[in-house]
Amino acid sequence: MRDARTDAIRAGIGALPPAVRAILDRYCFDVDGFVELADRWLAGDMDRDARRDPAAVRPVPDDSIVRAHHPGAPQHAEAVAAGVDAIRRGEVGAVVMNGGMATRFGGVPKGTAEALPGRSFLALKIAQIRALPGAVPMYVMNSFATQEATEHHIAGLRPDIPVRCFAQGVGVRLTLDGAVFVDPRDPQATLCTPGHGDLPSAIRSSGLLDGFTATGGKWLVVSNVDNVGATVDPAIVGQVILSGRRVAAELAERAAGDMGGMPAVVEGRPQVLEAFRFPAGFDDSAIRWFNTNTIVADARIFGRPMPLSWFAVRKSIDGRPAIQFERLIGEMTAFEEPLLLGVPRTGPRSRFLPVKTPEDLERLRPAIAAVVGDW
């Protein structure tokens with residue numbers, strides 16, 4: 001039965017309109033790899049990746065969260081000096097994740113949307129990097145849905161810092177019974193993006209990672225385009241460098257409505273774990289911290305294949321249920337012991353101002369303006 005269904009998936013992909021198949025070809029869609037994922041999902045094997053023995057998971061002790069140094073503290077000055085030195089030596093780069101399907105902001109990529117009057121999210125990211133005491137290249141990860149408009153927008157900004165775009169891969173949605181999802185009114189509704197966990201392989205295959213490290217690049221600051229607070233801060237970069245760790249995951253104190261990853265100890269290893277991967281019935285009320293999806297990492301980590309898990313994510317497309325397969329960048333903390341770095345969520349030093357919807361933007365604009373003004 002499974003063989004028949006995976007054969008039907010291959011046939012369904014082959015029967016997609018030429019314009020849709022052209023996108024799959026352009027973004028290097030791996031049919032065999034996708035069918036293998038679909039086969040695992042149909043067999044229920046993929047779900048096992050999300051199950052945990054309750055005894056194997058516990059909250060991270062609060063004293064294991066290292067707070068970002070506060071300005072005025074001696075450690076802060078030391079960290080700033082280390083970060084500034086690294087920036088001036090050309091060792092630091094920024095990666096901005098601007099993928100997704102460009103559906104929440106009127107059909108335009110979020111990075112091109114107006115965050116403050118006359119200034120897009122990408123314009124603000126560029127402005128902050130321009131103010132640093134050295135050249136910091138920016139690498140923008142787009143999707144098939146955001147690439148063209150974002151490249152046009154960046155060209156119009158005429159940035160005076162190096163900004164390079166690269167693309168994440170593309171996926172195909174399935175119906176709940178394992179057929180290729182098709183919407184006759186919107187042929188591209190079949191397509192999806194494979195999550196921000198696609199970043200390591202995408203930047204590696206683009207050649208940009210090799211170019212960065214070949215010129216002395218050592219550290220990458222990875223953030224979501226919608227989080228203006230996630231700057232390339234010399235103090236943060238320096239604190240990570242001085243810690244001796246190769247990966248730092250920034251955490252903010254949890255607030256009502258937060259949905260995503262949290263720090264946990266899994267089989268003795270501290271890491272960021274997505275909420276859906278906690279054991280059924282696990283009480284996470286003792287976990288005070290939330291993953292901001294901002295990472296500072298040794299660039300060499302992205303240079304090797306990383307066995308990030310694939311997960312089946314349920315979506316609603318115009319009221320119809322669909323399944324798409326995604327990977328999550330936070331899972332890299334399972335393979336490289338992270339520095340769990342607690343950062344401010346409020347005030348002009350906030351490093352976590354996530355904007356997922358236009359309503360979020362209206363609510364957070366004053367805080368975004370305060371953070372930008374503090375630069």
Side-chain angles (χ1 to χ4, degrees), residues 23 27 94-129 138-157 159 163-171 186 188-189 191-199 202-203 221-232 250 252 257-261 290-295 313 315-318 324 326-330 350-369 371-372:
I23 294 173
Y27 290 89
V95 177
V96 177
M97 296 186 290
N98 182 53
M101 296 297 291
T103 56
R104 293 180 176 174
F105 279 77
V108 302
K110 191 185 298 181
T112 71
E114 191 175 69
L116 293 178
R119 308 179 77 182
S120 67
F121 285 100
L122 280 167
L124 292 175
K125 291 276 191 181
I126 290 169
Q128 191 274 323
I129 289 175
M138 177 190 284
Y139 306 108
V140 181
M141 184 177 78
N142 300 305
S143 70
F144 73 92
T146 65
Q147 178 94 337
E148 185 175 344
T150 297
E151 289 180 334
H152 179 75
H153 178 75
I154 291 173
L157 294 174
V163 181
R164 303 285 183 269
C165 289
F166 65 103
Q168 65 181 138
V170 63
D186 180 9
Q188 287 196 21
L191 304 179
C192 62
T193 56
H196 42 62
D198 207 36
L199 169 61
I203 194 170
V221 180
V222 180
S223 66
N224 290 335
V225 72
D226 61 49
N227 183 7
V228 174
T231 61
V232 179
E250 294 193 18
D258 282 340
M259 297 181 64
F290 183 75
N291 178 33
T292 69
N293 220 36
T294 301
I295 293 169
V313 178
K315 297 284 186 177
S316 178
I317 313 300
D318 289 333
Q324 59 192 55
E326 297 182 7
R327 293 183 289 184
L328 305 168
I329 189 65
S350 172
R351 292 188 61 79
F352 189 46
L353 297 169
V355 175
K356 303 306 177 188
T357 66
E359 292 75 23
D360 289 341
L361 180 55
E362 289 303 313
R363 176 175 54 85
L364 287 172
R365 266 202 175 114
I368 292 171
V371 166
V372 172

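- Closest of all the heavy-atom pairs between M101 and L191 is CE-O, 3.4 Å.
- The shortest non-hydrogen separation linking T112 to A149 is CG2-O, 4.3 Å.
- When atom types are taken as modelled, the side chain of T294 and the backbone of S223 share no donor-acceptor pair closer than 3.5 angstrom.
- The closest side-chain heavy-atom distance from C165 to I154 is below 4.5 Å.
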Item to check | V96 and M138: CA distance, side-chain angles, deciding distance, side-chain contact (heavy atoms from CB on, under 4.5 Å) verdict | outcome: CA-CA 7 Å; V96 177; M138 177 190 284; 4.0 Å; yes
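- Proximity of a side-chain donor or acceptor of T146 to a complementary backbone N or O of N98 within less than 3.5 Å is detected.
- Within the 3.5 Å criterion, the main-chain N or O of V232 finds a donor-acceptor partner in the side chain of Q128.
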Checklist entry - Run the side-chain contact (heavy atoms from CB on, under 4.5 Å) check on N293 and N227 step by step: do they pass? => result CA-CA 9 Å; N293 220 36; N227 183 7; over 6 Å; no
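- Contact check for E326 versus K315: side-chain heavy atoms found under the 4.5 Å cut-off.
- Between D186 and D318, every side-chain heavy-atom pair lies at or beyond the 4.5 Å cut-off.
- Heavy atoms only, all atoms of each residue included: L124 and A115 are closest at CD1-CB, 3.8 Å.
- With contacts defined as side-chain heavy-atom distances shorter than 4.5 Å, the pair V228/V372 qualifies.
- In plain terms, the two heavy atoms of Y27 and Q168 that are nearest each other are CD2-O, 3.8 Å.
- Distance alone, capped at 3.5 Å, places no donor-acceptor pair between the D198 side chain and the P194 backbone.
- Using a distance-only test at 3.5 Å, with no hydrogens or angles considered, no donor-acceptor pair links the side chain of R164 to the main chain of V140.
- In this structure, CG in L199 is found 5.0 Å from CE in M141, a value given to the nearest 0.5 Å.
- For K125, there are no salt bridge (charged side-chain N to carboxylate O under 4.0 Å, His left out) partners two or more places apart in sequence or in a different chain.
- The CZ atom of R365 lies 11.5 Å from the CG atom of D360; values are rounded to the nearest 0.5 Å.
- L353 CG to T292 OG1: the interatomic distance, rounded to the nearest 0.5 Å, is 10.5 Å.
- In this structure, the side chains of M97 and Y139 stay at 4.5 Å or more apart for every pair of heavy atoms.
- Looking only at side-chain heavy atoms (C-beta outward), L361 and R104 stay at 4.5 Å or farther from each other.
- Nearest heavy-atom pair, A167 versus A202, reported as atom, atom and distance to 0.1 Å: O-CB, 3.6 Å.
- Counting heavy atoms from C-beta on, the side chains of L328 and H196 come closer than 4.5 Å.
- Few gaps surround CD on E114; more than 12 heavy atoms of other groups in view lie less than 6.0 Å from it.
- Using cut-offs of 30° and 60° on the angle between ring planes, the pair F290 and F352 is tilted.
- Closest heavy-atom contact between L157 and I126: CD1-CD1, 3.9 Å.
- Between R351 and T231, some side-chain heavy-atom pair lies under the 4.5 Å cut-off.
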